[in-house]
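Here is how names work: the chains are called A, B, and so on, in the same order as the sequence lines, proteins then strands, and each is numbered from 1.
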There are 2 protein chains.
Amino acid sequence: MFELDIRSRQPIYEQLVEKMKELIIHEVWKPNEQLPSVRLLAKELTINPNTIQKAYRELEHQGYIYSILGKGSFVAPQSPSVNHEKAETIKQQIFKLLCEALYIGMAKEDLLALVEKAEQTVKGEEKR
Amino acid sequence: MFELDIRSRQPIYEQLVEKMKELIIHEVWKPNEQLPSVRLLAKELTINPNTIQKAYRELEHQGYIYSILGKGSFVAPQSPSVNHEKAETIKQQIFKLLCEALYIGMAKEDLLALVEKAEQTVKGEEKR
DNA sequence: CCAACTGTACTAATTATTATAATACAGTTA
DNA sequence: TAACTGTATTATAATAATTAGTACAGTTGG
């Protein structure tokens with residue numbers, strides 16, 4: 001289900017958070033869909049349950065999933081509320097990367113095209 | 001000269017690499033300008049010289065600076081050659097962040113504007 | 001020529017973080 | 001009630017970041 005690089009310098013739980021965010025953002029995992037349990041996923045990936053839980057805790061903190069004691073963890077039905085602070089952080093990260101891309105010679109048109117491509121693959125906010 | 005967050009989970013040398021890349025990309029540090037020496041900068045920032053050198057080594061590896069034994073370290077006169085692999089990596093990083101930005105509700109227009117803004121603040125490739 | 005600067009390299013010790021392991025407790029459900 | 005869920009805690013091992021100290025090599029101005 002996931003391709004994890006154990007020997008990567010990036011922590012396993014961070015890799016998990018990133019991959020799961022992608023699945024949710026691109027609606028491979030639908031709203032309110034149940035996620036694999038901590039223990040089951042740990043067994044499948046042959047890593048420690050604590051590592052999975054750490055990823056789930058982070059995803060819940062960021063508003064991508066919600067957990068109910070005894071029932072399970074589920075995809076949050078709505079996108080995380082537009083935290084202004086969070087939005088500003090992402091904006092800065094994107095800007096930094098855009099500058100770097102332009103500096104090493106990427107074409108502005110290619111970057112504009114990236115925005116278009118992203119918009120087509122991301123679930124929009126139907127209601128808001 | 002730099003604001004470093006010692007207690008950040010992000011390693012000091014990575015923070016240094018990022019900040020210096022910004023200075024170079026936005027031409028605050030001009031081509032062939034000499035960088036502060038490893039030992040001097042270490043004293044100013046009250047961190048270990050080895051940490052500075054690690055950052056310089058990484059910057060040289062990425063093509064942003066060059067070092068000459070006995071003379072010093074200098075800003076590379078040309079942007080790093082457009083490594084295709086490197087460009088692809090950055091593209092993926094940008095795409096991932098763009099998707100996340102759209103998902104949490106940022107407007108497509110704001111993201112397009114970011115590209116324009118970046119283009120205006122980055123030194124273009126005059127000769128190539 | 002030489003003192004004082006530059007980059008570079010190496011080893012050792014310390015600290016922080018990551019990941020594992022082993023439990024334990026609480027809530028849900030068939 | 002058994003078997004599943006999330007959650008929490010403690011201890012341990014492994015890895016990475018950082019500091020510290022030392023050393024060597026090349027450059028340069030006096």
Side-chain angles (χ1 to χ4, degrees), chain A residues 1-21 24 29 31-77, chain B residues 1-21 24 29 31-77:
Chain A
M1 193 172 228
F2 300 102
E3 307 122 30
L4 295 178
D5 185 2
I6 299 298
R7 70 191 58 177
S8 167
R9 26 258 155 241
Q10 187 184 30
I12 298 178
Y13 81 94
E14 277 189 15
Q15 295 181 45
L16 277 171
V17 168
E18 282 193 15
K19 305 239 173 187
M20 291 185 174
K21 272 165 77 169
I24 294 172
W29 282 355
N32 290 312
E33 181 173 334
Q34 183 163 9
L35 275 61
S37 80
V38 170
R39 291 171 181 81
L40 175 63
L41 188 53
K43 189 179 292 181
E44 282 186 3
L45 302 178
T46 55
I47 57 181
N48 195 282
N50 293 339
T51 306
I52 307 288
Q53 202 211 333
K54 189 169 185 180
Y56 278 18
R57 197 190 309 142
E58 177 63 20
L59 284 167
E60 183 166 28
H61 181 256
Q62 290 188 29
Y64 285 88
I65 70 173
Y66 62 95
S67 299
I68 302 177
L69 182 61
K71 298 189 75 173
S73 300
F74 309 85
V75 175
Chain B
M1 190 171 230
F2 300 101
E3 307 122 29
L4 296 177
D5 185 2
I6 299 297
R7 71 190 58 178
S8 167
R9 27 252 153 247
Q10 187 184 30
I12 298 178
Y13 80 94
E14 276 188 15
Q15 295 181 45
L16 277 171
V17 168
E18 282 193 14
K19 306 240 174 186
M20 292 186 173
K21 272 165 76 168
I24 293 172
W29 282 355
N32 291 311
E33 182 173 334
Q34 183 163 10
L35 275 60
S37 80
V38 170
R39 290 172 181 82
L40 176 64
L41 189 52
K43 191 180 291 180
E44 281 185 4
L45 301 178
T46 55
I47 58 181
N48 195 280
N50 293 338
T51 307
I52 307 288
Q53 201 210 336
K54 188 168 184 180
Y56 279 18
R57 197 189 309 144
E58 176 63 20
L59 284 168
E60 184 166 25
H61 181 256
Q62 291 188 28
Y64 284 88
I65 70 174
Y66 62 95
S67 298
I68 303 178
L69 180 62
K71 299 188 75 172
S73 299
F74 309 84
V75 176

| Nucleic acid contacts of residues 49-63 of chain B, taken as heavy-atom distances under 4.0 Å to DNA chain C | B/Asn50, B/Gln53, B/Glu60
| query | Axis-to-axis angle across the helix from C/dC1-D/dG30 to C/dA30-D/dT1, five pairs an end, to 10 degrees? | reply | 20°
| task | Using the test salt bridge (Lys or Arg N to Asp or Glu O under 4.0 Å), find all partners of A/Glu18 that sit at least two apart in sequence or belong to another chain. | result | B/Lys96
| message | According to ring-ring contact (aromatic ring centres under 6.0 Å, His included), who are the partners of A/Tyr56, at least two apart in sequence or on a separate chain? | response | none
| request: Kindly compute the distance separating CD (B/Glu3) from CD (B/Gln15), expressed to the nearest 0.5 Å. | output: 10.5 Å
| note | Between A/Thr46 and A/Ile68, the residue closer to the 5' end of DNA chain C by nearest nucleotide is A/Thr46
| By side chain to side chain donor-acceptor pair (under 3.5 Å) - contacts of B/Glu33 (at least two apart) | none
| note | Residues in residues 37-44 of chain B with a heavy atom under 4.0 Å of DNA chain C, by number, are B/Ser37, B/Val38, B/Arg39
| message | Please enumerate all residues that pass salt bridge (Lys or Arg N to Asp or Glu O under 4.0 Å) together with B/Lys54, with sequence neighbours excluded. | response | none
| Atom-to-atom span, CZ of A/Arg9 to C1' of D/dA14 - whole angstrom | 16 Å
| message | Heavy-atom nearest nucleotide on DNA chain D for B/Tyr13 versus A/Ser73: which residue maps closer to 5'? | response | A/Ser73
| Separation of A/Asn48 atom CG from D/dT9 atom P, in whole Å? | 16 Å
| note | Separation of D/dC4 atom C1' from A/Gln34 atom CD, nearest Å, is 10 Å
| Once you round it to whole Å, what is the distance between P of D/dA8 and CG of A/Leu69? | 9 Å
| message | List the residues meeting side chain to side chain donor-acceptor pair (under 3.5 Å) with B/Ser37, not counting sequence neighbours, and say none if there are none. | response | none
| remark: Here the gap from B/Arg57 atom CZ to B/Ser67 atom OG, rounded to the nearest 0.5 Å, amounts to 10.5 Å
| query | Under a 4.5 Å cut-off applied to non-hydrogen side-chain atoms, are A/Gln62 and A/Lys21 in contact? | reply | yes
| note | Between A/Gln10 and A/Gly70, the residue closer to the 5' end of DNA chain C by nearest nucleotide is A/Gln10
| field | Start and end of the DNA chain C segment that chain A contacts, any atom under 4.0 Å from a heavy atom | value | C/dT18 to C/dT29
| For D/dG6, does OP1 or OP2 lie under 4.0 Å from any side-chain N or O of A/Ser67? | no
| query | Mind checking what makes ring-ring contact (aromatic ring centres under 6.0 Å, His included) contact with B/Phe74, not counting sequence neighbours? | reply | B/Tyr66
| By side chain to side chain donor-acceptor pair (under 3.5 Å), which residues pair with A/Thr51, not counting sequence neighbours? | none
| Non-hydrogen side-chain atoms of A/Gln53 and A/Tyr13 separated by less than 4.5 Å | no
| field | Listed partners of A/Glu14 passing salt bridge (Lys or Arg N to Asp or Glu O under 4.0 Å), at least two apart | value | none
| request: Starting at CG of A/Leu16, measure out to CD of A/Glu58 and round the result to the nearest 0.5 Å. | output: 11.5 Å
